[in-house]
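Heads up, the thing below is written out as structure tokens.
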Amino acid sequence: MGLHLQRYKGLEVNFINKLSAAWARNDSLLCVGLDPDLARLPAHLQGQPDAIVQFCKAIIDATADLACAFKPQIAYFAALGAEDQLEQICAYLRATYPHIPLVLDAKRGDIGATAHQYAREAFERYGADAVTVSPYMGFDSVEPYMEWPDRGVIVLCRTSNAGGSDLQFLDVAGRPLYQHVAQLVADKWNRNGQCALVVGATFPDEIAQVRKLVGDMPLLIPGVGAQGGDVEATVKAGRTAAGAGMMINSSRAILYATPQEGEDFAQAARRVARETRDAINAYRHA
Ligand SMILES: O=C(O)c1cc(=O)[nH]c(=O)n1[C@@H]1O[C@H](COP(=O)(O)O)[C@@H](O)[C@H]1O
């Protein structure tokens, strides 16, 4: 258990207290998603061998004071064989912004022995503070991640895509499966207090249902911006009594914001990130 506990300014940190500190420090519930699509990178970066690193670093620097977390999506790197660039970006984040949680979005799910390797990849190779996982294979597929008690385990619950309903809405003993997952994680799986849940911004009613079941557990909420989720409804459904409890992710709407006159891509990303952060903050407190 607990191979290496992280320390920051001499104090032990874990995912949950790092996230709480970032909410407060940046007055933000905005998670900036890092989904670098080569075809959409600015023209001056196209063709450069480290284009992804340059692009993501510029986005990170432009938004670090507006974000409560950064969330690289591993497929955007792995599909290109660019894991080395993801490593560099994660190392940069940890070194330059050690107070901002790094969430690796990998949505892993496999038998325990394999899950242990996925956990090493997320927490040791990339140094992530948290990783997204699927609950589909049950507790022994999620438990290996908990050998790192200072890291977050973010379990898919009610995903933002329309097809999420195919399985997540199946009736299980009188209620939809996603509610069963939420209850299970809150009551049984979260024994080290390191779990969070994914609930899409495209389904605010379900965010409210999950919030009722899990107390103050953090929710990762993708789906505002490019997927059209309603910020007001999302925040009102998901906020805790303290007006926090959420990492509301936006990726493409920030990364590929259209520059206004005189702006470059990073300034445009900053403008949209600030607008999104401020729109969220308008509804945080009742
Ligand atoms: O786990 C996730 O982050 C995730 C869960 C989910 O239900 N829906 C969802 O869109 N995501 C991720 O969140 C990001 C959303 O990106 P945008 O739609 O561009 O803001 C992508 O990286 C998705 O892979």
Side-chain angles (χ1 to χ4, degrees), residues 28-43 45-46 48 50-64 66-93 97 100-108 121-122 125-134 152 154 156 159-164 196 198-202 220-229 231 234 246-259 264-277 280:
S28 177
L29 306 183
L30 173 67
C31 172
V32 174
L34 300 173
D35 300 15
D37 177 353
L38 276 192
R40 300 187 73 179
L41 298 194
L45 295 178
Q46 303 273 352
Q48 300 205 24
D50 64 342
I52 295 177
V53 171
Q54 289 191 54
F55 177 72
C56 289
K57 277 188 179 174
I59 296 287
I60 290 165
D61 289 338
T63 58
L66 301 170
C68 72
F70 285 104
K71 183 180 74 70
Q73 193 350 294
I74 197 166
Y76 282 88
F77 300 85
L80 302 169
E83 290 94 337
D84 58 330
Q85 296 198 59
L86 177 57
E87 276 182 9
Q88 287 178 53
I89 291 160
C90 291
Y92 180 73
L93 263 172
Y97 304 103
I100 301 190
L102 162 54
V103 175
L104 182 70
D105 183 8
K107 298 187 184 66
R108 300 302 194 196
E121 177 195 42
R125 179 177 183 188
Y126 297 114
D129 293 294
V131 64
T132 55
V133 300
S134 165
I154 307 178
L156 298 177
T159 58
S160 66
N161 57 319
V198 175
V199 189
T202 41
L220 171 61
I221 306 186
V224 303
Q227 295 179 52
V231 171
T234 293
M246 293 173 281
M247 296 161 269
I248 301 178
N249 182 83
S250 179
S251 305
R252 288 165 293 177
I254 292 174
L255 299 176
Y256 313 114
T258 309
D264 68 10
F265 75 95
Q267 288 167 324
R270 177 173 180 76
R271 173 174 45 76
V272 174
R274 186 198 291 276
E275 287 165 6
T276 311
R277 193 243 349 220
I280 292 167

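The figures that follow rest on heavy atoms only: side chains count, while hydrogens, waters and symmetry mates do not.
Smallest separation of non-hydrogen atoms from D129 and P101: OD2-CA, 3.3 Å. The two atoms that bring L255 and F55 nearest to each other are O-CZ, 3.6 Å, heavy atoms only. S160 and P222 make their closest contact through CB-O, 3.8 Å (heavy atoms, listed as atom of the first residue, atom of the second, distance). Between A268 and P259, the shortest heavy-atom contact is CB-CA, 3.7 Å. In this structure, A62 and R270 approach most closely via the heavy-atom pair O-NH1, 2.8 Å. Across L104 and Y126, no two heavy atoms sit closer than the pair CD2-CD1, 3.9 Å.
Panel note: side chain S28, backbone L66; a donor-acceptor pair is recorded below 3.5 Å. Looking only at distances, a side-chain donor or acceptor of Q267 sits under 3.5 Å from a matching main-chain atom of D264.
Put simply, the side chain of V131 does not reach to within 4.5 Å of the side chain of I154, judged on heavy atoms. With a 4.5 Å cut-off on side-chain heavy atoms, L41 and F265 do not count as touching. Using a 4.5 Å heavy-atom cutoff, the side chains of N249 and V224 are not in contact. Using a 4.5 Å heavy-atom threshold, the side chains of P72 and L102 count as touching. Using a 4.5 Å heavy-atom threshold, the side chains of I254 and L30 count as touching. At least one side-chain heavy atom of L45 sits less than 4.5 Å from a side-chain heavy atom of P42. V103 has its side chain out of reach of F70: every pair of non-hydrogen atoms, C-beta onward, lies at least 4.5 Å apart. With a 4.5 Å cut-off on side-chain heavy atoms, M247 and I221 do not count as touching.
Put simply, CG on L93 and CD1 on I100 are 7.5 Å apart, with the number rounded to the nearest 0.5 Å. Here C68 contributes atom SG and M246 contributes atom CE; the two are 9.5 Å apart, rounded to the nearest 0.5 Å. In this structure, NZ on K71 lies 10.0 Å from OG on S250, to the nearest 0.5 angstrom. K57 contributes atom NZ, which lies 8.0 Å from atom CG of D50 (distance to the nearest 0.5 angstrom). Between L156 atom CG and S134 atom OG the span is 5.5 Å, to the nearest 0.5 Å. For the atom pair Y92 OH and Q85 CD, the distance stands at 15.0 Å (nearest 0.5 Å).
Residues passing the side-chain contact (heavy atoms from CB on, under 4.5 Å) test with Q73, sequence neighbours excluded: D35, A75, Y76, D105, K107.
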Apply side-chain contact (heavy atoms from CB on, under 4.5 Å) to residues I89 and I60 and explain how you reach the verdict. CA-CA 9 Å; I89 291 160; I60 290 165; 3.8 Å; yes
side-chain hydrogen bond (donor to acceptor under 3.5 Å, both in side chains) between Y256 and D37, intermediate numbers included: CA-CA 9 Å; Y256 313 114; D37 177 353; 5.3 Å; no
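Judged by distance alone, the side chains of T202 and Q227 never bring a donor and an acceptor atom under 3.5 Å apart.
Electrostatic pairing of R108 and E121 counts as a salt bridge here, judged by a charged N lying under 4.0 Å from a carboxylate O.
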